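What follows is a single structure, written as structure tokens, with notes after it.
What you see is a predicted model; the values in this text were computed from it and never measured.
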Amino acid sequence: SPGGKFWEKGGFFSVTSGAFDREYCTSHTCNLKVCSSDGGAGVSTCEVSVNLDANLNYVVQLYGFTAAAGAASAVTVQFKPPSQCKYAACADSADVSTCVMQDQARMPWHTIDRLMYPEFSCESPAVAEIVDIAARTKPFCLRPLAYGVGGSGERLAEC
């Protein structure tokens with residue numbers, strides 16, 4: 001959206017089932033008010049993550065509230081497949097020897113188009129994807145007061 005004008009006063013990204021009985025976009029980023037301008041380059045982007053099951057029909061709706069609109073304004077909706085999928089980026093679509101398999105991080109964003117859908121090579125679906133793991137450790141002693149002068153526990157680090 002040029003300069004974020006489409007959602008300058010707010011807006012929503014919505015993905016529902018074909019029967020409109022279930023909303024899939026439930027994170028805080030579905031509220032386009034959290035989107036911001038890119039600092040003057042003229043285009044604002046907003047990345048929203050929505051997990052969808054394969055082989056089902058969905059309705060994608062985009063609502064924006066603005067005080068003005070221009071003739072050159074445009075909004076595009078793009079997507080990437082899940083991380084277990086790869087995309088064949090080919091320099092020449094007629095020559096498979098020019099293709100390079102790209103993972104989700106390296107592949108380009110694909111514009112939603114009713115007439116054309118890119119082919120992806122996907123491994124078996126994953127139930128979950130680990131994004132980050134953090135851990136903290138804490139010492140545990142069976143007899144903490146056994147350490148230190150007179151059993152005071154002052155030298156617990158020696159446990």
Exercise: identify the closest heavy-atom pair between [X] and [Y]:
X    : Y    : answer
L56  : D53  : CD1-CB, 3.8 Å
G11  : N31  : O-OD1, 3.4 Å
P81  : Q104 : O-NE2, 2.7 Å
Q102 : P108 : OE1-CD, 3.3 Å
F13  : V50  : CE2-CG2, 4.2 Å

For residues E23 and S14, is any side-chain donor paired with an opposing acceptor at under 3.5 Å?
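A donor-acceptor contact under 3.5 Å links the two side chains.
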Are any of the side-chain heavy atoms of [X] and [Y] separated by less than 4.5 Å?
X    : Y    : value
T111 : V77  : no
H110 : Q78  : no
L62  : L32  : yes
N51  : Y24  : no
M107 : K80  : yes
Y87  : P118 : yes
T29  : S49  : no

Cluster companions of V59 among Ile, Leu, Val, Met, Phe, Trp, Tyr (side-chain spacing under 4.5 Å):
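F20, listed by chain and number.
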CE-SG distance between M101 and C85, expressed to the nearest 0.5 angstrom:
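If we round to the nearest 0.5 Å, M101:CE and C85:SG are 9.5 Å apart.
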Pairwise distance SG(C122) to CD(Q84) - rounded to 0.5 angstrom:
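Separation between the atoms: 6.0 Å.
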Could you see if F120 belongs to whatever hydrophobic cluster contains V100? Use Ile, Leu, Val, Met, Phe, Trp, Tyr and a side-chain cutoff under 4.5 Å.
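No; V100 is not reachable from F120 via cluster members.
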Between R22 and Y58, is the side-chain contact (heavy atoms from CB on, under 4.5 Å) condition met? List the steps.
CA-CA 10 Å; R22 182 170 177 203; Y58 299 97; over 6 Å; no
Counting only heavy atoms not in N57, do more than 12 sit closer than 6.0 Å to its CG atom?
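Result for CG/N57: open.
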